[in-house]
Protein chains: 2
Amino acid sequence: MDIGEVARRSGAAASALRFYEEKGLIRSTGRRGLRRQYDPEVLDQVALITLGRSAGLTLDEIGRMLSVGGRAAVDRQLLAKRADALDEQIRQLAVVRDGLRHAAACKERDHLACPKFRRLMGLAVRSAVQRPKSRGKPPRLVP
Amino acid sequence: MDIGEVARRSGAAASALRFYEEKGLIRSTGRRGLRRQYDPEVLDQVALITLGRSAGLTLDEIGRMLSVGGRAAVDRQLLAKRADALDEQIRQLAVVRDGLRHAAACKERDHLACPKFRRLMGLAVRSAVQRPKSRGKPPRLVP
DNA sequence: TTACAACTTCAAGTCGACTTGAGGTCAAGG
DNA sequence: CCTTGACCTCAAGTCGACTTGAAGTTGTAA
C-alpha cells in the first residue's frame with residue numbers, strides 16, 4: 001500500500017506516518033520508485049499508536065511497548081510494571097475527574113469555599129506535584 | 001508573601017507564578033521594593049489552576065473561570081465535558097493496561113496475531129477466511 | 001557596611017508531535 | 001509523450017506552558 005492509502009484507512013496523516021516511521025514505530029516494506037510501501041499489518045500498529053496517544057501516552061512510551069515483541073521474561077516483568085504504572089495514572093486521573101464532577105454539580109457559590117471541593121482539589125494537587133510534568137501537546141481527545 | 005513562599009506552599013515554580021500573573025490568572029497585591037507580594041488566597045487560586053491543568057484544561061480556559069470577580073466563576077458545562085473526556089481517557093488507558101497485562105502473560109510471539117489481544121485492543125478481526133464461521137451472536141464490530 | 005540570597009526583567013530556549021512549504025521525482029492514465 | 005497528482009526530502013514553523021540564563025536590584029543578617 002502507498003502511504004496515502006494507509007493514511008486514509010488509519011485516519012492518521014501521511015506526514016504523521018512518515019514521522020512514526022522515522023521514530024521507528026512502524027516500518028515500510030520497501031519502496032516503489034520513491035514511494036514507501038506498507039503491509040496491511042501496519043494498520044494495526046497505527047491503530048495501537050492512536051489508541052496509546054489518545055490515552056495520553058508519549059510516542060516514546062508507545063514505541064517501547066511496541067518493541068517488546070516476544071522477548072525474554074525480563075520483558076514480561078517490564079510489561080507488568082508498565083501496566084501497574086498505568087493503574088496509578090488511572091487512579092490519579094480519576095481523582096481529578098471526581099473533583100471536576102463535583103465542581104460541576106456543587107451549589108456553593110464560591111467553589112473555593114466548599115470543603116468537599118477543597119479536599120478533592122488538595123488531592124489532585126498533591127498527586128499532580130509528584131507526577132512527572134508532561135510537556136508538549138496534550139493527548140489528542142477523542143470527541 | 002514573597003513569590004518564593006507561594007512557590008513553596010503551592011508547589012508551583014516561581015517562574016510559573018510570574019507567568020500566571022502575566023496572563024492575568026493571579027494577582028499580586030503590590031510590591032515590596034521590586035518584589036511581588038501575594039495574599040494567602042492566591043494559594044487557593046493556584047491550587048485551582050493546578051487542578052485544572054492536570055485535568056487537561058488550558059490556562060485560557062482556567063483563566064476564564066477565575067476572572068470574574070474574586071470568586072471562581074466556574075463553567076459547569078465545561079467542567080462536566082472535561083470530566084467526560086477524562087472518563088474516556090481513563091477508558092483508553094485501561095484498554096492499554098489490559099493489553100499490556102495480557103501481553104505479559106501470553107505466549108504468543110506476535111501479540112498482534114493473538115486473537116485475545118486483538119479483541120482487547122478493539123482491533124478489527126483479521127482474515128475471517130481462516131476462522132470457522134461462528135453461529136449465534138455475531139461479534140460486535142468496533143467501527 | 002558588606003555579603004548574599006532572593007528577588008527582578010527580558011529574551012530566548014525547550015519539549016512533543018506534528019504540520020507546512022519549497023522544490024523535486026515519478027508512475028500511470030489519456 | 002505529456003500531464004497530473006501523489007509521492008519524496010529537508011528545513012523551518014507551530015502550539016502551550018513553562019524554563020533558563022544573563023544581567024541587574026534589594027532586603028536582611030552578620
Check your understanding: Does any donor-acceptor pair link the side chain of R35(A) with the base of dA6(D) at a separation under 3.5 Å?
Key -> yes
Review point. Under 4.0 Å between a side-chain N/O of S15(B) and OP1 or OP2 of dT19(D), yes or no?
Key: yes
Check your understanding: Which of these nucleotides, dT8(C), dA17(C), dC18(C), is closest to any side-chain atom of T58(A)?
Key -> dA17(C)
Practice item. Return the value, rounded to whole Å, for the distance between atom CD of E5(B) and atom C1' of dA6(C). Key: 13 Å
**Study point:** R119(A) with D98(A): basic N within carboxylate O range, under 4.0 Å
**Key:** no
**Study point:** Under 3.5 Å donor-acceptor, D39(B) side chain and V42(B) backbone
**Key:** no
Review point. With nearest nucleotides of DNA chain D determined for L34(B) and L57(B) from heavy-atom distances, which residue corresponds to the more 5′ nucleotide?
Key: L57(B)
Review point. Quick one: L25(A) CG to dG16(C) P, roughly how many Å, whole number?
Key: 14 Å
Practice item. Name the closest nucleotide to the A16(B) side chain, picking from dT19(D), dC18(C), dA17(D). Key: dT19(D)
Review point. How many Å lie between CD on Q37(B) and P on dA6(C), as a whole number?
Key: 15 Å
**Study point:** Shortest side-chain distance from I3(B), nucleotide among dT20(C), dG5(D), dC7(C)
**Key:** dC7(C)
Point to revise | R53(A) side chain vs T58(A) backbone, donor-acceptor pair below 3.5 Å | key: no
**Study point:** Protein-nucleotide distance (E22(A), atom CD; dA11(D), atom C1'), rounded to Å
**Key:** 12 Å
Study note, to complete from the structure: The nucleotide from dA6(C), dT8(C), dC18(D) with an atom nearest the side chain of R53(B) is dC18(D)
Review point. Does a nitrogen or oxygen in the side chain of R36(A) sit under 4.0 Å from OP1 or OP2 of dT9(D)?
Key: yes
Review point. Which sits closer to the 5' end of DNA chain D, G33(B) or I49(B), going by the nucleotide each is nearest to?
Key: I49(B)
Check your understanding: Does dC8(D) have OP1 or OP2 sitting under 4.0 Å from an N or O in the side chain of R18(A)?
Key -> yes
Revision key, fill the gap. Per atom distances to the R32(A) side chain, the nearest of dC7(C), dA27(C), dA17(D) is dA27(C)
**Study point:** Check: S28(B) side chain, Y38(B) main-chain N or O, donor-acceptor pair, under 3.5 Å
**Key:** no
Review point. Is any side-chain nitrogen or oxygen of Y20(B) closer than 4.0 Å to OP1 or OP2 of dC18(D)?
Key: yes
Point to revise | N or O in side chain of R31(B) less than 4.0 angstrom from dT9(C) OP1/OP2 | key: yes
Review point. Whole-Å distance between dC18(D) P and I26(B) CD1?
Key: 11 Å
Check your understanding: Is the shortest distance from a Lys or Arg side-chain nitrogen in E61(A) or R64(A) to a carboxylate oxygen in the other one below 4.0 Å?
Key -> no
Study note, to complete from the structure: From NZ of K23(B) across to C1' of dC18(D) the rounded distance in Å is 10 Å
Study note, to complete from the structure: Closest of dT8(C), dC26(C), dA17(D) to the L59(B) side chain is dA17(D)
Review point. Okay, side chain of R32(A), backbone of R35(A): is any donor-acceptor separation there less than 3.5 Å?
Key: no
Exercise for review: Let me know the distance between CZ of R8(B) and P of dC7(C), rounded to the nearest Å.
Suggested key: 9 Å
Study note, to complete from the structure: Whole-Å distance, L17(A) CG to dC7(D) P, equals 11 Å
